[in-house]
Each structure stands twice: as structure tokens, then as C-alpha cells.
Amino acid sequence: MTRDLFSSFLASESIFKNKEVLRHSYIPDVLPHREEQINEIASILASALRGETPSNIFIYGKTGTGKTAVTRYVGKELHRAGKEKGKPTHFVYINCEVVDTQYRILQNIANHFIGEWTERIPFTGWPTDEVYAKLREMMEKARGVVVIVLDEVDKLKGDEVLYNLSRLNTDLDNAKASVIGISNDLKFTEFLDPRVKSSMGEENLIFPPYNADQLKDILDQRAQMALKENTLDEPVVPLCSAYAAQEHGDARRALDLFRVAAELAERDGLKRIVEKHVRRAQNKIELDRVTEVVRTLPTQSKLVLISIIVGERIQDNITPLTTGEVYSIYKELASSVGIDHLTQRRITDLVSELDMLGIVTARVISKGRYGRTRHIRMSTSIDKTTEVLDEDDLLRGLARYRPKIQTRLL
DNA sequence: CTTCCACAGGAAGGTCTGGCGG
DNA sequence: CCGCCAGACCTTCCTGTGGAAG
């Protein structure tokens with residue numbers, strides 16, 4: 001019996017030829033509509049092949065604009081070209097969201113050179129300047145140019161590392177270092193130490209968002225590689241592209257939509273992806289996002305969210321709730337579960353956070369004589385949100401609470 | 001035109017936690 | 001182990017304000 005559990009799923013033939021190419025981490029051999037950026041980076045890094053130090057680069061762009069893919073692609077090509085020409089070039093990629101302290105960054109870079117007659121640097125224990133010294137020593141031995149990519153560099157704790165890395169070259173004889181910083185925050189450099197700022201931002205690149213047509217090209221290319229013949233309805237790719245273009249031209253979003261749509265089609269037991277799968281994929285991705293966000297909210301924020309839901313229930317959705325109404329419901333709910341209530345000022349901020357997370361909308365309006373406030377309403381499904389909130393032991397069932405307060409005389 | 005509601009949202013400061021260097 | 005500091009989280013106090021009512 002157990003042995004047959006999966007056989008029925010495997011029996012129906014998959015529509016995928018190679019699903020891997022739909023993941024974000026996959027880097028194709030051709031990156032459509034990024035030729036300009038590729039050439040620009042390549043022209044800067046080319047000096048590495050002449051044995052000179054390439055300028056440091058800063059790359060900006062929103063999520064899904066190809067920053068990481070382009071950089072890794074150029075890095076791969078550079079490494080290959082360096083080998084051919086007998087000029088040693090090293091390419092170290094670090095995601096600063098994962099590796100976010102000075103010590104671990106240096107350790108990561110240093111461990112890249114392992115295997116060339118050197119010992120491993122331990123996770124912890126060494127003074128930072130000793131790791132730094134060791135790194136220099138290793139780079140001297142390895143020779144050549146080291147290109148260090150710091151992805152999501154704005155997530156770094158402190159700019160000391162950036163300063164030290166930008167100074168690397170002054171203490172090196174046989175090796176050169178060049179740093180590429182990637183960020184989706186345009187204002188990131190404003191907060192940097194001016195010394196770091198000037199040395200890091202020798203070259204600046206901005207990656208613009210893709211438009212719908214460009215997204216379509218990207219998806220066409222991936223679909224070719226990912227799917228078997230005749231598994232795709234014609235309008236699917238344009239629809240995915242259109243949705244993703246609305247979302248600031250995010251290629252990652254386009255790929256996710258497409259992949260989820262394909263998975264849904266497969267789960268339906270179909271041999272073909274059609275339009276409705278894309279719409280369902282859109283819903284599923286959105287629902288997953290909301291579920292995850294709501295689930296991880298702090299208790300007080302959950303309580304505010306519940307207050308808004310309770311408020312909407314008694315208002316019957318005629319007029320949106322105001323801050324004052326939400327606050328009085330919130331206070332009542334808080335005391336009913338025995339949680340200390342926060343001040344209205346604080347609740348104002350929590351509502352703003354919920355707004356930014358996209359689970360409620362709150363916009364300032366004026367009611368003239370009757371003051372200025374914000375109209376607050378749920379922007380996600382009340383039922384689904386309630387379902388997620390019910391997972392919280394402390395707050396279970398609270399969203400169905402009937403408050404004693406009469407909020408408004410209508 | 002002025003008034004004045006019901007907040008928005010800035011500034012500053014308090015408390016607590018957790019990491020880090022000595 | 002201790003003192004220090006940064007950052008998250010809140011409070012207190014405050015000034016500012018769009019527009020219906022008067």
C-alpha cells in the first residue's frame with residue numbers, strides 16, 4: 001500500500017523538462033535586455049585581465065531587476081577569461097543578509113582561497129585584525145585580482161568592513177582587490193562614512209525595472225528550457241508579464257508566477273498551462289505572503305489587526321473605521337485577554353506598519369468640523385486573515401468578539 | 001471669513017535586551 | 001564577568017492641519 005503512495009503522481013507525465021531554470025538562483029547563458037549593464041560591468045572589470053585594479057562598483061536597482069544575475073554572470077565569465085589568459089582572477093560572492101558581520105565576511109573571503117596551501121579560519125575565536133592579516137597573506141599567495149561582491153550590502157551591520165575592504169589595496173603587493181556592492185536602497189550611501197562613500201562609489205550603475213515586453217522575453221526564454229513541447233497556452237506568458245510589470249517590473253515575481261502556475265496545472269493533472277492557472281497563481285502567492293506576514297506579527301500588532309477586523313464586522317463595511325474607533329475596540333479587546341494596552345500614539349504607528357505590509361490600507365482624510373483622522377480598512381480577505389490569527393493560542397477566537405462599545409451612531 | 005474637531009505625526013526621552021570588547 | 005552601547009519598543013508632550021460648520 002505505502003509503496004504505491006507516489007506511483008499515481010509519478011504516472012502522470014510531468015510538464016517540466018527542467019524545473020531548475022525557473023528558480024531565482026539559476027543564471028541562464030543569455031540575460032535578455034541587460035546587455036548594456038553586462039558590457040558596462042565587463043568593461044570595468046576588464047582591467048583585471050590586464051593586471052590592473054578594477055574600480056569599485058555600486059549597483060542599485062529594485063528587486064528582480066537582474067542585479068545579482070548580471071553580476072554573477074560577469075563574474076563567471078571573468079574567471080573563465082582569466083584562466084584562458086593565465087591571469088589569475090578570483091570571484092567571491094557574499095550575500096550580506098546571510099553573512100552580516102565584519103568577522104564572518106572576512107572569514108568567508110579568506111576561506112575562498114582554501115586549498116592553496118592554507119589552513120581554514122575558524123568560525124570564531126580570532127581577533128578581527130588577525131583574520132584580516134591572514135586574509136592579506138592568503139591573497140598575496142593567490143596573486144591576481146580578487147573581485148568581492150557584497151549583495152544586499154545595506155543589510156550589513158556597520159560600515160567598518162567596507163572601510164577595511166576598500167583599504168585592502170594599500171597593503172597588498174602581489175594581489176589586488178575590487179569590491180562590488182549591490183543594494184536596492186538608493187539612499188543607502190547617504191549614511192555611509194564619507195571615506196567609504198568615495199572609495200566604494202567609483203562607478204555607479206542603476207538597473208531600471210523591466211517593462212512588460214521585456215519580462216515576456218525573459219519568460220519565453222525560460223519557458224523554452226523549463227517545459228516540454230505543447231504544454232503552454234499562448235496567453236500565459238503575456239499575462240504573467242503583465243502582472244509582474246504592475247509590480248514595479250519584477251522579473252523574480254514573473255518567474256514565481258509562471259512556476260506556480262505550472263505547478264498548479266500539474267496538480268490539476270493537466271498537460272497544459274492555461275490562463276486561469278496564472279490567476280490562481282497570483283492569488284496563491286498573495287495568500288502565502290499575507291499568511292506569512294500575519295503569522296509572524298508581534299502580539300500587539302495582531303491585536304490591532306483583530307480590532308480592525310472586529311470593527312469592520314460591526315460597521316458592515318459602510319464607512320471605513322477611524323483611528324479612534326479602532327483604538328477603543330483595541331482597548332476593550334486588550335483588557336478582555338488581559339494584555340496591557342498601549343497608547344494611541346503607538347497604535348497610530350502600528351497601523352502604519354500594517355499599512356506598509358499591505359494587509360490594511362490607511363489613508364488620512366479630513367471630516368472638516370469633525371476632525372482629521374485616518375480611514376482604515378482591511379485590504380486582504382477577512383476570513384483568511386482570521387483563520388491565520390486563530391493559530392495564536394492567546395488570541396484565538398478574538399476576531400469574532402462582539403464589543404460592548406457602540407462605536408458610532410449612524 | 002474664522003473656528004475647531006480629532007486626530008497625524010515629529011521630537012525627545014525612558015526601559016529593556018542582547019552583543020561585544022576588555 | 002562587567003560595563004557600555006546600539007537598537008527595538010513605548011511613552012509623553014507637542015505642534016500642525018483639511019475642511020464642514022457657524
Side-chain angles (χ1 to χ4, degrees), chain A residues 96-108 121-134 152-164 183 185 187-188 190-193 196 293-308 310-312 314-315 318-335 337-377 379 392 394-395 403 405-410:
Chain A
C96 300
E97 203 180 23
V98 189
V99 181
D100 57 359
T101 60
Q102 155 144 266
Y103 186 93
R104 300 221 293 123
I105 293 220
L106 293 177
Q107 185 212 1
N108 254 266
I121 294 186
F123 290 109
T124 176
W126 289 16
T128 308
D129 44 347
E130 197 168 323
V131 182
Y132 186 59
K134 192 79 191 168
E152 311 205 36
V153 65
D154 45 315
K155 301 280 162 59
L156 260 184
K157 308 233 167 82
D159 51 11
E160 222 180 322
V161 212
L162 293 178
Y163 181 63
N164 283 336
S183 163
D185 182 4
K187 286 175 292 184
F188 170 61
E190 282 176 24
F191 309 106
L192 283 180
D193 186 309
V196 178
V293 168
V294 172
R295 203 195 308 265
T296 54
L297 240 33
T299 306
Q300 289 288 1
S301 295
K302 281 184 183 165
L303 205 51
V304 173
L305 185 57
I306 292 173
S307 308
I308 296 168
V310 167
E312 287 216 348
I314 49 177
Q315 297 279 310
I318 304 161
T319 19
L321 294 154
T322 65
T323 302
E325 287 159 356
V326 170
Y327 187 59
S328 38
I329 299 172
Y330 159 82
K331 274 199 293 190
E332 189 180 330
L333 292 183
S335 71
V337 284
I339 298 176
D340 292 339
H341 68 266
L342 307 175
T343 56
Q344 180 158 335
R345 179 67 188 85
R346 182 60 187 145
I347 298 307
T348 304
D349 284 345
L350 292 184
V351 170
S352 299
E353 279 172 32
L354 292 175
D355 185 14
M356 280 193 294
L357 290 169
I359 23 189
V360 309
T361 56
R363 50 190 190 85
V364 182
I365 54 106
S366 172
K367 294 187 294 176
R369 181 84 259 220
Y370 303 106
R372 227 160 79 90
T373 181
R374 281 193 297 186
H375 273 173
I376 303 161
R377 42 168 34 123
S379 59
D392 192 310
L394 190 59
L395 306 173
I405 333 164
Q406 206 55 37
T407 41
R408 195 181 303 173
L409 323 159
L410 274 170

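Only heavy atoms go into these numbers, but all of them, side chains included; no hydrogens, no water, no symmetry mates. Numbered from 1 within each chain, the chains take letters A, B, ... in sequence-line order.
B/dG9 atom C1' lies 9 Å from atom CZ of A/Arg372, rounded to whole Å. Nucleotide B/dA12 holds its P atom 16 Å from the CG atom of A/Asp349, rounded to whole Å. One interatomic measurement links the two molecules: CZ of A/Arg345 to C1' of B/dG13, which rounds to 14 Å at whole-angstrom precision. What separates CG of A/Leu321 from P of B/dA6 is a distance of 17 Å, to the nearest Å. The distance from atom NZ of A/Lys367 to atom P of B/dA8 is 11 Å, rounded to the nearest whole Å. Residue A/Tyr330 contributes atom OH, which lies 16 Å from atom P of B/dC7 at whole-angstrom precision. Nucleotide B/dC4 holds its P atom 7 Å from the CZ atom of A/Arg369, rounded to whole Å. Whole-Å rounding puts the A/Ile347 CD1 to B/dG9 P distance at 15 Å.
Considering only side-chain N and O atoms, A/Thr323 lies under 4.0 angstrom from the phosphate OP1 or OP2 of B/dA8. The shortest distance between the side-chain N/O atoms of A/Arg374 and the OP1/OP2 oxygens of B/dA8 is below 4.0 Å. Contact annotation: A/Ser366 side-chain N/O to B/dC5 OP1/OP2 distance is not under 4.0 Å.
The main-chain N or O of A/Gly358 is found under 3.5 Å from a side-chain atom of A/Ser379 such that the two form a donor-acceptor pair.
Residues A/Gly368 and A/Thr348 each lie close to DNA chain B; by heavy-atom proximity, the contact nearer the 5' end of the strand is made by A/Gly368.
Of the candidates A/Val304, A/Leu297, A/Leu303, A/Ser301 forms a side chain to side chain contact (heavy atoms under 4.5 Å, CB included) with just one, namely A/Leu297. The only option from A/Val326, A/Leu305, A/Leu321 that meets the side chain to side chain contact (heavy atoms under 4.5 Å, CB included) definition with A/Val360 turns out to be A/Leu305.
No side-chain heavy atom of A/Ile376 sits less than 4.5 Å from a side-chain heavy atom of A/Thr322. Taking the side chain as every heavy atom from C-beta outward, A/Tyr330 and A/Gln344 never approach each other to under 4.5 Å.
Atom NE2 of A/His341 and atom CZ of A/Arg346 lie 14.5 Å apart (nearest 0.5 Å).
When all heavy atoms of A/Pro403 and A/Ile314 are compared, the closest pair comes out as CG-CD1, 3.8 Å.
If you walk DNA chain C from 5' to 3' and mark each nucleotide with an atom closer than 4.0 Å to a heavy atom of chain A, the marks span C/dC9 to C/dA21.
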